[in-house]
Amino acid sequence: MDKFVVRGGNPLLGTIKVSGAKNSALPCMAAAILTEDEVILENIPQVRDIETERKLLVSMGAEVELGYGRAQHRTRIKCGILSDPVAKYEIVKTMRASSLVLGPLIARTGIARVAMPGGCAIGGRPIDLHILGLEAMGATITQDHGYLEARSPNDGKGRLKGAHIVFDKITVTGTEDLLMAAALAEGESVFENCAREPEVTDLAALLIAMGAKIEGAGTGTIRIQGVAKLHGARHRINPDRIEAGTFLIAGAITGGDLSVDSCEPKHLGALITKIEQCGVKIDVGVDKVRVRSGGDLKAADMTTEEYPGFPTDMQAQYMALATQAEGTSTVTENIFENRFMHVQELIRMGANITISGRTATVRGKSPLQSAAVMCSDLRASASLVLAALVADGETILDRVYHLDRGYEHFEEKLRGVGAQIRRMGDVFGKK
Ligand code: EPZ
């Protein structure tokens, strides 16, 4: 199992490039199920979850090419015949976002058999809202030995029907799953209390390019006029706003001068506002953001909210920064019930953090020491790397496969701006 070895103390200096957004690419790849034509997606990140999605689509009968040559980072998907519309447990258990194929499969083939995603380190991660929405569109969904068996009306021979759905809770993949189902449903759908994340807007842009009739993506209310068929399209995936945010915090925590390039600054508003409150200097360009130290970091409270609020996927990274700020910061996690797995590891490195319910209280500035630490989930792993970049000595991070799920060439990108970080494989020197 690969490890990272990180020696702290270097300010990050220079330019670092952001890849395409994993959480846009995953629903967009699933959207290819909705047509028998070819869908081409560009700016695909080379991360483990994308490979998992490729395997999932191929296992159902799709043709999927995935190229990462210099100019590529492109995937070509053709779901001509979906001979086996089943999302098997062996794949789903490694990536719960596989549930994103549920809506498209029912809409395209009338039937779907999708393994129920287990929970994960950060919470139970139910998909009850996906199911309720599809049932409102006329699907019949039963549970069978850990699988969801879903059929469209008329025992899988009919089309889904447009519906008026008000989401009990704001759900990103729930909004995406049902948006894809509604695109091919009969009649109009109106969704309220939708997720407004840029990944939803990115998916809607692809669906519209495929011939879908969608208004309001990116707002709380989305209207969809179902169409009988969708055609192929070519679409470029948004830059990854969480990767960009992670690098901005890397520049801030190391007291460096870092330009984060090929990003979308308008997706980073809440994060930029928050780290400016910490005393960090920010210059915003068209497709880049420069972060520079503004002297000692200052404490600032933070609460995670759905977009456009401060993203839960940046909570762990912000907590690492807060350990280096003078004063006390509270960090409140409103989205997931168990997203403080990084706290104990940060404490082992010398951080002063206490948890009460959904709020962690961080008392800084705490000099961090190197230690052997364990990665538990994607963003907690990133938080530990950020802490290691300022820790005294050499920190060993185990189970970095969590990080490989969502960050492309993470250690190479950081090394390129002065970080002392290298990967230690089981087979010495394995890339
Ligand atoms: C997406 O997960 C992202 N994943 C997550 O990123 C991200 O943390 C999350 O949205 C919140 O922004 C992808 O896009 C692939 P939710 P998702 O449905 O859609 C509850 C990462 O690090 N809920 O918006 O699964 C749920 O338990 C990952 O890249 C229900 O109760 O999250 C949670 O408390 C981690 N019933 C809240 O809603 C449902 O049917 C928000 O979850 C669905 C969700």
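Every number for a ligand or one of its atoms is a count from 1 in the order of the listing. In this chain, residues are counted from 1 in sequence order.
- For the ligand labelled ligand 1, residue Glu306 lies outside the 4.0 Å heavy-atom shell.
- Taking a 4.0 Å cut-off on heavy atoms, Arg339 registers as neighbouring ligand 1.
- The nearest protein atom to atom 19 (O) of ligand 1, hydrogens excluded, is given as Thr173 OG1, 2.6 Å; this is a heavy-atom distance.
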| task | Evaluate the criterion salt bridge (Lys or Arg N to Asp or Glu O under 4.0 Å) for residue pair Glu243 and Lys413; output intermediate values, then yes/no. | result | CA-CA 11 Å; Glu243 185 192 18; Lys413 290 188 180 182; 2.5 Å; yes
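- Under a 4.0 Å N-O distance rule, the pair Asp261/Lys17 does not qualify as a salt bridge.
- The neighbour count for Arg54 CZ, taken as heavy atoms of other residues, nucleotides or ligands under 6.0 Å away, is above 12.
- Using a 4.0 Å cut-off to heavy atoms of Ala97, the atoms of ligand 1 that qualify are 15 (C).
- Note on Arg241 versus Asp313: no salt bridge recorded, every NZ/NE/NH1/NH2 to OD/OE distance being 4.0 Å or above.
- The existence of a salt bridge linking Glu345 and Arg348 is confirmed by a sub-4.0 Å separation between a basic side-chain nitrogen and an acidic carboxylate oxygen.
- Annotation for ligand 1: atoms under 4.0 Å from non-hydrogen atoms of Thr312 are 8 (O), 11 (C), 12 (O).
- Heavy atoms of Ile170 approach ligand 1 to within less than 4.0 angstrom.
- Salt bridge Glu149/Arg113: present, at least one basic N to carboxylate O contact under 4.0 Å.
- Closest to atom 34 (O) of ligand 1, if we only count protein heavy atoms, is Ile335 O, 2.7 Å.
- Here the protein heavy atom with the shortest distance to atom 16 (P) of ligand 1 is Val172 N, 3.7 Å.
- Taking the six-membered ring for Trp and thresholds of 30 and 60 degrees, Phe247 and Phe410 have nearly parallel ring planes, at less than 30 degrees apart.
- Residue contacts with ligand 1, taken as heavy atom pairs separated by less than 4.0 Å, involve Thr171 via backbone and side-chain atoms alike.
- Contact annotation for Arg96 and ligand 1: only side-chain heavy atoms (C-beta onward) come within less than 4.0 Å of the ligand.
- Within the 4.0 Å heavy-atom shell around ligand 1 one finds Pro126.
- A salt bridge links Glu63 and Arg76; the closest N-O separation between the charged side-chain nitrogens and carboxylate oxygens is under 4.0 Å.
- Ionic pairing of Asp377 and Arg399 is not present here: no N-O contact between side-chain nitrogen and carboxylate oxygen is shorter than 4.0 angstrom.
- A salt bridge does not link Lys88 to Glu90: none of the charged nitrogens lies less than 4.0 Å from a carboxylate oxygen.
- Taking distance alone, with nitrogen or oxygen atoms compared against 3.5 Å, Lys22 approaches ligand 1 more closely than that limit.
- Near His130, meaning under 4.0 Å from any of its heavy atoms, are these atoms of ligand 1: 40 (O).
- The main-chain N or O of Leu184 is found under 3.5 Å from a side-chain atom of Arg159 such that the two form a donor-acceptor pair.
- Near Lys169, with a cut-off below 4.0 Å to any heavy atom, the atoms of ligand 1 are 20 (C), 31 (O), 34 (O), 38 (O).
- The nearest heavy-atom contact from the protein to atom 2 (O) of ligand 1 is Arg125 NH2, 3.4 Å.
- Listed by number with element, the atoms of ligand 1 under 4.0 angstrom from any heavy atom of Arg379 are 21 (C), 22 (O), 29 (O).
- Annotation: atom 9 (C) of ligand 1 to nearest protein heavy atom, Phe336 CZ, 3.9 Å.
- Regarding atom 15 (C) of ligand 1, its nearest protein heavy-atom neighbour is Asn23 OD1, 3.4 Å.
- A salt bridge is defined here as a Lys NZ or Arg NE, NH1 or NH2 lying under 4.0 Å from an Asp or Glu carboxylate O, and Glu411 with Arg422 fails to meet this definition.
- Between Arg223 and Glu215, none of the side-chain N atoms (NZ, or NE/NH1/NH2) sits under 4.0 Å from a carboxylate O, so this pair counts as no salt bridge.
- When Asp128, Thr304, Ile127, Leu100 are ranked by how near their heavy atoms come to atom 36 (N) of ligand 1, first place goes to Asp128.
- Of the protein's non-hydrogen atoms, Asp313 OD1, 2.5 Å is the one closest to atom 8 (O) of ligand 1.
- Residue Leu129 has at least one heavy-atom neighbour below 4.0 Å for each of these atoms of ligand 1: 36 (N), 39 (C), 40 (O).
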